[in-house]
Amino acid sequence: MKTIILYLLAFAGGVFLAIQAGFNTQLGAYLKQPVLAVISTSLFSVIFASLFFVTAGKTLPSFNEMQVIPWHLWFIGGLFSVVGISLYFYTIPRLGISKMIALGLCGQLIFSLLAGKYGWLNLPIEPITTKKLIGAVAMLIGIVLINSK
């Protein structure tokens, strides 16, 4: 039962990201600058995340705990987030949301298979199995079908 809930949460996360991409693409079009939409998204993400953090009753890590965190982890996720979201906002009006999301998921899938196989980013090593390869090929076929006329 716990696994089903996790699957549903992961699915919902994907839906929320697609919705977010659609709204922020509209904002970027109105502003005529996708990067301004990214700034707005990032700013309000900080505000909403802070509200969630405070209302959940969480506490900040101690100074000693924060000192052991590698310095680059404080900003590198934000860098990749800005680039990734900017690419979404730039390409959705040109490709359409279904093509962009399909291609974006393809990129995530291929990277995640390689990152898992080699343990990149300090992630647990997960071998690429025949089932995973069949799933990846099925997704690639789906992307071709979505992108065909």
Looking only at heavy atoms, which two atoms of [X] and [Y] are closest? And how far apart?
{"X": "A136", "Y": "L109", "result": "CA-CD2, 3.6 Å"}
{"X": "C106", "Y": "L140", "result": "SG-CD2, 3.1 Å"}
{"X": "P61", "Y": "E65", "result": "CA-OE1, 3.2 Å"}

Results of salt bridge (charged side-chain N to carboxylate O under 4.0 Å, His left out) for K132 - residues two or more places apart only: E126

Worked verdict on N64 versus V68 for side chain to side chain contact (heavy atoms under 4.5 Å, CB included): CA-CA 7 Å; N64 288 336; V68 298; over 6 Å; no

Any [X] side-chain heavy atom under 4.5 Å of [Y] side chain:
{"X": "T130", "Y": "L133", "result": "no"}
{"X": "L105", "Y": "Q108", "result": "yes"}
{"X": "F89", "Y": "V35", "result": "no"}

Can you tell me how far [atom2] of [Y] sits from [atom1] of [X], rounded to the nearest 0.5 angstrom?
{"X": "K99", "Y": "S148", "atom1": "NZ", "atom2": "OG", "answer": "8.5 Å"}
{"X": "I76", "Y": "L79", "atom1": "CD1", "atom2": "CG", "answer": "5.0 Å"}
{"X": "I39", "Y": "S86", "atom1": "CD1", "atom2": "OG", "answer": "8.5 Å"}
{"X": "M139", "Y": "I110", "atom1": "CE", "atom2": "CD1", "answer": "8.5 Å"}
{"X": "L113", "Y": "I128", "atom1": "CG", "atom2": "CD1", "answer": "5.0 Å"}
{"X": "Q20", "Y": "I85", "atom1": "CD", "atom2": "CD1", "answer": "5.5 Å"}

Check this for me: F44, atom CZ, are more than 12 non-hydrogen atoms of other residues, nucleotides or ligands nearer than 6.0 Å? no

Could you tell me whether F53 atom CZ has more than 12 heavy atoms of other residues or ligands within 6.0 Å of it? yes

Determine, using the 4.5 Å side-chain heavy-atom cutoff (strictly less than), whether [X] and [Y] are members of one ILVMFWY cluster.
{"X": "L123", "Y": "F111", "result": "yes"}
{"X": "L87", "Y": "V38", "result": "no"}
{"X": "L73", "Y": "M66", "result": "yes"}
{"X": "Y90", "Y": "Y88", "result": "no"}
{"X": "I125", "Y": "L121", "result": "no"}

Parallel, tilted or perpendicular: which fits the ring planes of Y118 and W120, with parallel below 30° and perpendicular above 60°? parallel

Is the backbone N or O of A21 less than 3.5 Å from a side-chain atom of T25, with the two atoms forming a donor-acceptor pair by type? yes

